[in-house]
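Ligands are counted one by one from 1 in listed order, and the atoms in each one are counted from 1 as well.
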Amino acid sequence: MKKDYSILTGITPSGSGEVHIGNYFGVVVPFFKMAKNAKKVYFFIADLHALTTIKSKEEMQKNVENLILSYLSFGIDTEKVVFYRQSDINSHSELQTILNNVTPLGLIKRCHAYKDKLQKGLKEDNVNMGLFSYPVLMAADILLYDPDYIPVGQDQKQHVEVTRDIADFFNKNYGQTFKLPEFYTIKETARLIGTDGKRKMSKSLGNYISIFENEKKIRNQIMNCFTDSKRIHPTDKGRVKENPIFIYHDLINENKKEVDDLKERYKQGKVGDVEVKEKLLKALLKKFSQQRQRYQELKKDPVIIKNILEKGTKKAQIQAQKKMIIVREKIGITNKYSLQI
Ligand code: ADP
Ligand code: TRP
């Protein structure tokens, strides 16, 4: 780990706009771990990125609000962390436009955001340019602030690598301008399995367990979770390894004795799925009780939220504008006729 490092991460208010345990272990935990000793910390809501899939004004507003409340409820220290919305800093879009010009088409065509859509049979006409150039906007989000590390889940690794490539193309052409960031993750939880037992947990796949939703909804999500598909009756011997419900227990349930006991009884065919799931629900509500309470309190106080965002935006803006002065100078947009604004 470098000395005096800075970190940056962003969250897209896409899909249902809910925060799930995959996000928590994949990004929140590594983010807090890194933030403790970091010199500078940036955390933002990537609302412009969500435009690729969200086409309804009401949905966008709801998702953005939900993510702001959720991530603040995890206890982000807004004295230290610069917390802001991407759309409040115009430089993100400006830098994306500039970086588009040093980014080879082929590099972006190889990115999974776009490639996966084609592989799923989507025609090019149904892929919008926002989705296609998603990695370039992400590179702009990052390079504006010179962070050393980007704490994100495994699915974002490729985007961080592309950011490095884009920074390198720019630096080679215009001279050293951008720092090359490094991907940071916690290996064991970088890709938490979804409740379908097959794919990565994701809000757009509907295979997730929420953190801030009401108890009834979370109970349903847990009750619908896949377990050992070969086990038909509670008296059948069950498999614990790679069983999503036990993966979640291991992460969430702080009562390790209870987890060991459930595993033992499951292996022997002495416990039903319902009991294992009920205990997971109880453990989840206990683990996140403070955060869930804070969410409700913050929701009642939009003034606090606005103040936090205002403070964060001002700080982010200063940094972004400083960087843009350098970039504009390097590419030759600044000249003797430039306006001094
Ligand atoms: P989702 O895939 O549910 O839409 P996002 O794309 O908003 O989630 O991801 C927000 C952050 O959470 C990213 O850093 C991403 O890598 C991480 N993340 C998302 N899903 C998982 C998962 N199943 N396991 C680990 N990290 C995840
Ligand atoms: N693409 C990220 C995601 O879907 C969100 C994001 C946008 C991001 N810009 C970023 C993450 C910059 C880290 C750094 O999760």
Side-chain angles (χ1 to χ4, degrees), residues 6-32 34 41-54 63-64 66-68 70-71 74 82 84-87 89 92-93 95-96 99 111-114 116 130-131 133-164 166-167 181-211 221 244 247-248 251 316 320:
S6 58
I7 65 169
L8 173 144
T9 198
I11 306 286
T12 312
S14 55
S16 63
E18 289 169 37
V19 176
H20 53 70
I21 57 174
N23 300 137
Y24 179 76
F25 291 103
V27 74
V28 177
V29 173
F31 172 81
F32 276 104
M34 290 292 277
V41 185
Y42 298 91
F43 191 108
F44 71 96
I45 305 292
D47 47 4
L48 294 176
H49 271 111
L51 283 171
T52 59
T53 52
I54 305 273
N63 284 4
V64 168
N66 195 25
L67 280 201
I68 291 173
S70 302
Y71 283 95
F74 284 126
V82 182
Y84 57 102
R85 287 174 66 164
Q86 182 187 35
S87 60
I89 315 281
H92 289 239
S93 307
L95 186 57
Q96 180 192 19
L99 295 178
C111 286
H112 60 66
Y114 171 69
D116 288 359
L131 185 94
S133 64
Y134 188 105
V136 189
L137 181 56
M138 188 156 157
D141 298 338
I142 295 173
L143 299 176
L144 273 176
Y145 302 93
D146 283 328
D148 296 288
Y149 299 102
I150 312 296
V152 273
Q154 188 67 30
D155 58 330
Q156 298 302 316
K157 184 171 187 227
Q158 187 188 41
H159 291 152
V160 178
E161 283 163 2
V162 166
T163 298
R164 291 169 63 90
I166 295 176
E182 281 175 44
F183 163 76
Y184 176 81
T185 201
I186 296 176
K187 212 166 135 234
E188 296 71 31
T189 49
R191 189 187 175 278
L192 190 65
I193 188 98
T195 53
D196 56 2
K198 289 190 196 97
R199 297 167 297 178
K200 157 191 122 72
M201 183 175 287
S202 171
K203 49 183 148 58
S204 50
L205 296 173
N207 61 353
Y208 57 87
I209 298 177
S210 309
I211 294 178
Q221 294 169 342
I247 295 178
Y248 306 152
L251 289 169

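- The side-chain hydrogen bond (donor to acceptor under 3.5 Å, both in side chains) search around Asp47 returns Arg85, Ser87, not counting sequence neighbours.
- Inspection of the Gln221 and Ser210 side chains reveals an N or O donor paired with an N or O acceptor under 3.5 Å.
- Near ligand 1, residues Ile11, Thr12, His20, Gly22, Asn23, Gly26, Val27, Val152, Gly153, Asp155, Gln156, Thr189, Ala190, Arg191, Leu192, Lys200, Met201, Ser202, Lys203 each place a heavy atom inside the 4.0 Å sphere around the ligand atoms.
- With sequence neighbours excluded, no residue satisfies salt bridge (Lys or Arg N to Asp or Glu O under 4.0 Å) with Arg191.
- If you look at ligand 2, the protein residues with a non-hydrogen atom under 4.0 Å away are Leu8, Thr9, Gly10, Thr12, Phe44, Ala46, His49, Tyr134, Met138, Asp141, Ile142, Ile150, Val152, Gln156.
- With hydrogens and angles disregarded, no donor-acceptor distance shorter than 3.5 Å links the side chain of Gln86 to the backbone of His92.
- To the nearest 0.5 Å, the span separating CG on Leu8 from CG on Leu143 amounts to 10.0 Å.
- Note that OG1 of Thr185 and CD of Gln154 are 6.5 Å apart. Values are rounded to the nearest 0.5 Å.
- The neighbour count for Lys157 NZ, taken as heavy atoms of other residues, nucleotides or ligands under 6.0 Å away, does not exceed 12.
- Contact annotation: the side chain of Leu251 never approaches that of Tyr24 to less than 4.5 Å [non-hydrogen atoms, C-beta and beyond].
- Rounding to the nearest 0.5 angstrom, the gap separating the CD1 atom in Ile150 from the CD atom in Gln156 is 11.0 Å.
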